[in-house]
Amino acid sequence: MNLQRVDLNLLVHLDVLLREKNVTRAAEQLGITQPAMSNILRRLRKLFNDPLLVRSSEGMTPTERALELQPRIREILADLTQVLEPRTEFRPYSTSRVFRIMTSDYAEATLVPKLVKALRSEAPNVILDFLTPSDVSYRDMEQGRVDLAINRFNEIPQSFHQVLVWRDTFSCLLSSESPYANRFNLKNYLKAQHVWVSKTGMGVGFGVNPEKSGGLGSIDQALQRLGQKRQISVFTRHYQMPAMLAANKDLIATLPTRVARMQANNDSIIMEEPPFFIPEFELTMAWSPLLQHHPAHRWLRQLIMHVARQVVAEEENPPQNIPVINHLF
């Protein structure tokens with residue numbers, strides 16, 4: 001194929017078409033008429049020798065070829081944007097940029113306080129807008145409306161960039177007056193009432209079904225592998241609440257160790273290792289390919305990873321200076 005004869009604007013149109021899966025909405029986004037958008041779709045079909053979008057009972061459905069093209073088109077457009085943007089040096093200390101970051105309650109409790117402290121020193125005029133997983137969709141991230149997402153993800157779109165922030169284990173919190181405090185074993189764990197907490201992934205959450213333990217997360221899945229099931233009395237999506245509820249002598253909260261450790265100075269609560277194996281989990285940072293090369297975003301990602309390394313290091317050793325990460329994400 002002779003690239004000189006290809007209109008690169010067609011890639012922009014294809015990107016919007018595959019995102020909207022609707023000719024009319026794509027036309028509105030691009031500021032052109034619906035007939036013009038239909039003509040562009042015909043040209044795209046000819047260019048790729050594929051229907052790309054076909055009508056179905058659910059509207060316009062991408063073909064297999066279109067699904068293969070979509071992440072590659074996004075990367076190509078992101079690279080072109082980077083090439084065409086004027087190069088300007090990013091100065092953290094003087095910027096007043098707004099960063100919108102989706103964080104889980106877990107990340108807010110364990111990572112964000114240290115991040116904010118670092119930002120007050122490195123970039124005092126930066127404004128942070130923290131969003132919850134229910135506020136954000138993958139589409140918001142894909143289009144660059146959200147700068148970053150820091151969460152436990154079951155899955156992430158293939159086109160997104162991601163990096164492991166850290167891994168964490170689970171611990172149990174229970175009242176020092178609990179009848180199981182001195183006999184904390186699996187048998188007594190199953191006798192007790194429990195607090196369930198979780199909110200992973202993106203999008204609006206819905207109520208859980210207590211009868212479907214396989215869908216309740218890694219703790220209940222670990223019990224299910226043992227042929228066991230715990231008795232859950234409270235369901236919540238906030239990691240701070242279980243720590244408070246664990247003060248009730250008839251409740252046990254099983255939650256990430258870094259959150260549990262925040263109760264280390266609470267004399268009314270004790271922390272125990274779970275009496276059964278629960279796999280550790282990963283906290284991940286993800287972002288759109290559109291923002292991969294942006295200097296401000298690269299700086300923010302570096303700072304977040306630097307802070308995360310400090311958190312992990314301080315758990316193992318006294319506070320020390322952790323060298324700044326040199327490579328870019």
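Note that the structure is predicted; figures quoted are calculated from it, not measured. Just the heavy atoms: all of them, side chains too, but no hydrogens, waters or symmetry mates, feed the values below.
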Legend entry - Whether Arg25 side chain and Glu20 backbone form a donor-acceptor pair below 3.5 Å: yes
Inset, instruction - Could you check if a side-chain atom of Thr236 sits within less than 4.5 angstrom of a side-chain atom of Val195, using non-hydrogen atoms only? - result: yes
Inset, instruction - Return the minimal non-hydrogen interatomic distance between Asp135 and Asp140, and the atom names on each side. - result: O-OD2, 4.1 Å
Inset, instruction - Answer yes or no on whether Arg258 is positioned over the face of Trp166, meaning its NZ or CZ is under 6.0 Å from the six-membered ring centre and within 45° of the axis. - result: yes
Inset, instruction - Look only at the side chain of Ser38 and the backbone of Gln34, and say whether a donor-acceptor pair between them is shorter than 3.5 Å. - result: yes
Legend entry - Sidechain-backbone polar pair: Asn188 side chain, Asn185 backbone, donor-acceptor under 3.5 Å: no
Legend entry - Shortest non-hydrogen contact from Leu291 toward Val146: CD1-O, 4.0 Å
Inset, instruction - Provide the closest heavy-atom pair for Ser176 versus Asp267 in the form atom of the first, atom of the second, distance. - result: OG-O, 3.7 Å
Inset, instruction - Answer yes if Leu173 and Met244 sit in the same cluster of Ile, Leu, Val, Met, Phe, Trp and Tyr residues linked by side chain heavy atoms under 4.5 Å apart, and no otherwise. - result: no
Legend entry - Donor-acceptor pair between Glu28 and Thr24 side chains, under 3.5 angstrom: no
Inset, instruction - Answer yes or no: are there more than 12 heavy-atom neighbours, outside Gln231 itself, under 6.0 Å from its atom CD? - result: yes
Legend entry - Centroid-centroid under 6.0 Å between Phe160 and Phe153 rings: no
Legend entry - Minimal non-hydrogen separation, Met141 against Ala149, with atom names: SD-CB, 3.4 Å
Inset, instruction - May I ask you to test the Lys229-Leu223 pair for a side-chain heavy-atom distance under 4.5 Å? - result: no
Inset, instruction - Could you pull out the closest heavy-atom pair between Pro256 and Phe170, with the gap in Å? - result: N-CD2, 3.9 Å
Inset, instruction - Using a cut-off of 6.0 Å, state whether more than 12 heavy atoms not belonging to Arg72 lie near its atom CZ. - result: no
Legend entry - Gap between atom CG of Leu17 and atom CG of Leu52 - 0.5 Å precision: 8.5 Å
Legend entry - Flag if over 12 foreign heavy atoms under 6.0 Å of CD, Glu177: no
Inset, instruction - Give a yes or no answer on whether the side chain of Arg74 reaches the backbone of Gln70 with a donor-acceptor pair at less than 3.5 Å. - result: no
Legend entry - Enclosure of Lys249 NZ (heavy-atom neighbours >12, cutoff 6.0 Å): no
